[in-house]
Amino acid sequence: MSLEELARYLEPQRIVILGFGLEGHSTYHFLRKLFPDKPLALADRNAAGLQSFAQQVQDPHLVLHGGDGYLEACARMDYTLVLKSPGIPLKDVEEFFPRERMESQAGLFLKLFRDRVIGITGTKGKSTTAHLIYRALDAQGFDAMAVGNMGKPVLDLVFDDVPERLYVYEMSSHMLEMVSTSPRYAILLNIYQEHLDHYKSFSDYAEAKLNLLRFQKETDYALVSPNVLEYCQGKLPGKGKSYLFDQHQPNGREGLFIQENRMIFHRNGKTYDCGPENLKRKLLGQHNLNNIMACLALLNILGVEDNHRALEVIAGFEGLEHRMEYVGEFSGIHFYNDSISTIPQAAICAVEAIGNVDTLIIGGLDRGIDYHELVDFLARGHVRNVICLPATGHRIYEQLKELPVSSSMNLLRAENMEEAVNGAFAVTRKGMSCLLSPAAASYGFYRNFEERGRVYKELVKTHG
């Protein structure tokens with residue numbers, strides 16, 4: 001779809017922008033460039049913020065719906081197109097608006113540029129993989145731009161588009177839940193329980209993720225892990241050509257696999273050597289090897305056979321802040337910050353990747369996620385000291401206390417991060433590691449996982 005075609009689609013619509021944070025502002029400015037005089041409605045619980053914005057822009061064609069009843073007010077106006085921001089839970093608005101009337105920035109952007117979009121999602125690993133892909137593409141000479149969670153709201157970029165540019169789009173489930181178009185290149189890393197406070201069920205969350213593939217055409221490409229294939233019971237949605245990336249090759253599947261210590265891509269009856277299994281890398285863990293394999297498989301699909309520049313990027317890529325980030329050595333203890341960890345599987349992967357974790361700090365907002373896998377993992381003796389923060393950490397503490405193995409573990413309850421860090425300095429053996437990998441969201445305790453990680457690092461560095 002061209003920009004002119006999109007404008008013709010939007011022009012007759014009675015539009016309300018639902019949620020007026022960063023993305024809502026971006027959507028407003030995009031629409032105003034297309035339609036300087038078109039009536040538009042803004043809706044947000046923050047009525048004062050809407051009023052302040054309206055006074056600032058002095059737009060005579062604005063209608064505002066603010067305060068606690070803003071959804072009901074919008075529903076009474078019978079808008080034909082609701083442009084929903086990702087931060088507003090879909091379950092909160094479905095009773096007011098039919099799904100077919102709702103759209104998003106991601107959906108509009110994909111309508112415009114789907115053929116040049118590399119969409120990356122997954123419960124864990126999407127930020128690291130998206131950054132790695134962007135840097136690898138740049139090193140290989142592609143005109144690539146990082147968008148979505150990694151950059152500006154995507155509609156800010158539409159008027160500066162240039163032909164042949166590839167958009168590396170890190171996409172959350174909240175971005176994907178409203179789309180009816182899938183990118184030509186889709187990478188779905190994994191699906192685990194997450195965001196159960198935002199969705200009615202785990203199934204609703206997973207189905208939002210699968211929208212990345214659902215609307216693909218036969219000329220499109222889908223790269224997925226065995227975890228995703230298992231969730232889909234062997235049949236992926238969409239018509240895209242699918243490839244696996246994994247350590248082992250299932251019978252009859254095409255994809256990138258480890259064979260005789262090499263990463264071999266089986267595609268269209270041919271094989272391509274994408275590099276050694278033990279390639280130089282600073283990204284720790286088998287899960288990050290999977291992320292690297294997804295990156296190399298994509299490059300091969302894009303026609304890159306000599307990928308030595310990408311391998312050099314991978315070798316030097318140190319990862320992102322708050323993702324198994326090495327904080328430093330203090331009092332003989334190695335400290336790691338994995339505040340991005342919001343699910344049990346992330347904490348397990350971090351412990352396994354670092355390898356010498358003597359103390360694990362866990363806990364955060366309780367969103368109803370099942371922690372049995374993490375409890376079983378800890379019960380097998382992988383970590384000697386477990387420091388448990390509220391609220392999920394305290395729940396895990398009680399579960400571990402009931403197990404016979406608890407006598408050989410050092411379980412500590414902490415009420416806040418300062419107590420947890422003080423406890424870590426007291427119990428962690430010199431030469432070993434202390435890892436913050438909460439396996440839970442930060443909300444209710446911190447603004448976001450970044451703030452949680454910064455608080456942890458500051459407490460570690462200033463410990464007296």
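Heavy atoms only: backbone and side chains are in, while hydrogens, waters and symmetry mates are out.
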Practice item. Apply salt bridge (charged side-chain N to carboxylate O under 4.0 Å, His left out) to the pair R165 and D143, showing each step before the final yes or no. Key: CA-CA 5 Å; R165 174 170 291 162; D143 179 356; 3.2 Å; yes
**Study point:** Lys/Arg-Asp/Glu bridge criterion (N-O < 4.0 Å) met for K111, E5
**Key:** no
Practice item. Tell me, with the steps shown, if F317 and R281 meet side-chain contact (heavy atoms from CB on, under 4.5 Å). Key: CA-CA 7 Å; F317 186 60; R281 60 184 174 112; over 6 Å; no
**Study point:** N/O donor-acceptor pair under 3.5 Å between N307 side chain and C274 backbone
**Key:** yes
Check your understanding: So, for L223 and A294, which heavy atoms are closest and what is the spacing to 0.1 Å?
Key -> CD1-O, 3.9 Å
Practice item. May I ask you to decide if P226's main-chain N or O and E230's side chain share a donor-acceptor pair within less than 3.5 Å? Key: no
Review point. Salt bridge or not for D161 and R116, using N-O below 4.0 Å?
Key: yes
Exercise for review: Return yes when atom NZ of K91 has more than 12 non-hydrogen atoms of other residues, nucleotides or ligands closer than 6.0 Å, and no otherwise.
Suggested key: yes
Exercise for review: For the pair H382 and F377, name the ring-plane relationship: parallel under 30°, tilted 30 to 60°, perpendicular over 60°.
Suggested key: parallel
Practice item. Say whether, by atom type as modelled, one donor and one acceptor occur between the side chain of R384 and the main chain of V427 under 3.5 angstrom. Key: yes
Exercise for review: Please test E254 against K270 for salt bridge (charged side-chain N to carboxylate O under 4.0 Å, His left out), starting from the C-alpha separation and ending with a verdict.
Suggested key: CA-CA 10 Å; E254 289 193 310; K270 299 180 179 180; over 6 Å; no
Practice item. Side-chain contact test, heavy atoms from C-beta onward, threshold under 4.5 Å: evaluate it for K401 versus R413 and give yes or no. Key: no
Review point. Considering residues, nucleotides and ligands other than E418, do more than 12 of their heavy atoms fall under 6.0 Å from its CD?
Key: no
Review point. Got a sec: does the CZ of R380 have more than 12 other heavy atoms crowding it under 6.0 Å?
Key: yes
Check your understanding: So, the side chain of D358 versus the backbone of R429: is there a donor-acceptor pair under 3.5 Å, distance only?
Key -> yes
Point to revise | Flag if over 12 foreign heavy atoms under 6.0 Å of CZ, F202 | key: yes
**Study point:** Side-chain heavy-atom pair H322, R454 within 4.5 angstrom cut-off
**Key:** yes
Review point. Is there side-chain contact between R184 and V117, with heavy atoms separated by less than 4.5 Å?
Key: no
Review point. Do the rings of F109 and Y169 sit parallel, tilted or perpendicular, given the 30° and 60° boundaries?
Key: perpendicular
Practice item. Report the distance from atom CD1 of I133 to atom CG of L298, rounding to the nearest 0.5 Å. Key: 5.0 Å
Practice item. Give me the ring orientation class for F30 and F159: parallel if the planes are under 30° apart, tilted from 30 to 60°, perpendicular past 60°. Key: tilted
Review point. If you measure from CD1 on I354 to OH on Y336, what distance do you get to the nearest 0.5 Å?
Key: 5.5 Å
Review point. Salt bridge between K200 and E94, side-chain N to carboxylate O under 4.0 Å?
Key: yes
**Study point:** side-chain contact (heavy atoms from CB on, under 4.5 Å) evaluation trace for I343 with Q193
**Key:** CA-CA 7 Å; I343 59 171; Q193 283 192 21; 6.0 Å; no
Check your understanding: Can any side-chain N or O of Q105 pair as donor or acceptor with the backbone N or O of P153 at less than 3.5 Å?
Key -> no
Point to revise | Mutual orientation of the aromatic rings belonging to Y221 and Y243 [parallel < 30°, tilted 30-60°, perpendicular > 60°] | key: parallel
Check your understanding: For residues D246 and H248, is any side-chain donor paired with an opposing acceptor at under 3.5 Å?
Key -> no
Review point. Does a side chain donor of either Q140 or H308 reach within less than 3.5 Å of an acceptor in the other side chain?
Key: no
Check your understanding: Can you find a pair of side-chain heavy atoms, one from L112 and one from V158, that are under 4.5 Å apart?
Key -> yes
Review point. Where the side chain of S339 meets the backbone of F449, is there a donor-acceptor pair that is under 3.5 Å apart?
Key: yes
**Study point:** Criterion side chain to side chain donor-acceptor pair (under 3.5 Å) against K84, the qualifying member of H174, E103, E177
**Key:** E177
Review point. Ignoring hydrogens and geometry, is there a side-chain-to-backbone donor-acceptor pair from K241 to T219 under 3.5 Å?
Key: no
Revision key, fill the gap. The single option from I187, L189, N291, N190 that satisfies side chain to side chain contact (heavy atoms under 4.5 Å, CB included) with K126 is L189
Check your understanding: Salt bridge check: are R114 and D220 linked by an N-O gap of less than 4.0 Å?
Key -> yes
Check your understanding: Is there a donor-acceptor contact under 3.5 Å from the side chain of T392 to the main chain of G364?
Key -> yes
Practice item. Would you check, one step at a time, whether the test side-chain contact (heavy atoms from CB on, under 4.5 Å) holds for R367 with T342? Key: CA-CA 10 Å; R367 297 173 295 166; T342 57; 3.9 Å; yes
Check your understanding: Does the side chain of S442 come under 3.5 Å of the side chain of E451 through a donor N or O and an acceptor N or O?
Key -> no
Review point. Do Q259 and R262 have side-chain heavy atoms sitting under 4.5 Å apart?
Key: no
**Study point:** Test applied, side chain to side chain contact (heavy atoms under 4.5 Å, CB included); reference residue, V421; option that passes from V455, V460, L436, N416
**Key:** V460
Point to revise | Between E373 and Q345: side-chain donor-acceptor atoms closer than 3.5 Å | key: yes
Check your understanding: Rounded to the nearest 0.5 Å, what separation is found between the CD atom of Q399 and the OH atom of Y371?
Key -> 10.0 Å
**Study point:** Flag for H198-Y205: side-chain donor and acceptor within less than 3.5 Å
**Key:** no
Review point. Donor-acceptor pair, E329 side chain versus F335 backbone, under 3.5 Å?
Key: no
Review point. Is it the case that more than 12 heavy atoms not belonging to R267 sit under 6.0 Å from its CZ atom?
Key: yes
Practice item. Apply salt bridge (charged side-chain N to carboxylate O under 4.0 Å, His left out) to E325 and K457, showing your working. Key: CA-CA 10 Å; E325 173 193 7; K457 290 193 290 184; 2.9 Å; yes
Point to revise | T121, T181, V179 screened by side chain to side chain contact (heavy atoms under 4.5 Å, CB included) with N211, the one that passes | key: V179
Practice item. For the pair T123 (side chain) and Y192 (backbone), establish whether a donor and an acceptor sit closer than 3.5 Å, ignoring hydrogens and angles. Key: yes
Review point. More than 12 heavy atoms of other residues, nucleotides or ligands under 6.0 Å from CD of E218: is that the case?
Key: no
Review point. Will you find, in the side chains of S433 and N356, an N or O donor that is under 3.5 Å from an N or O acceptor?
Key: yes
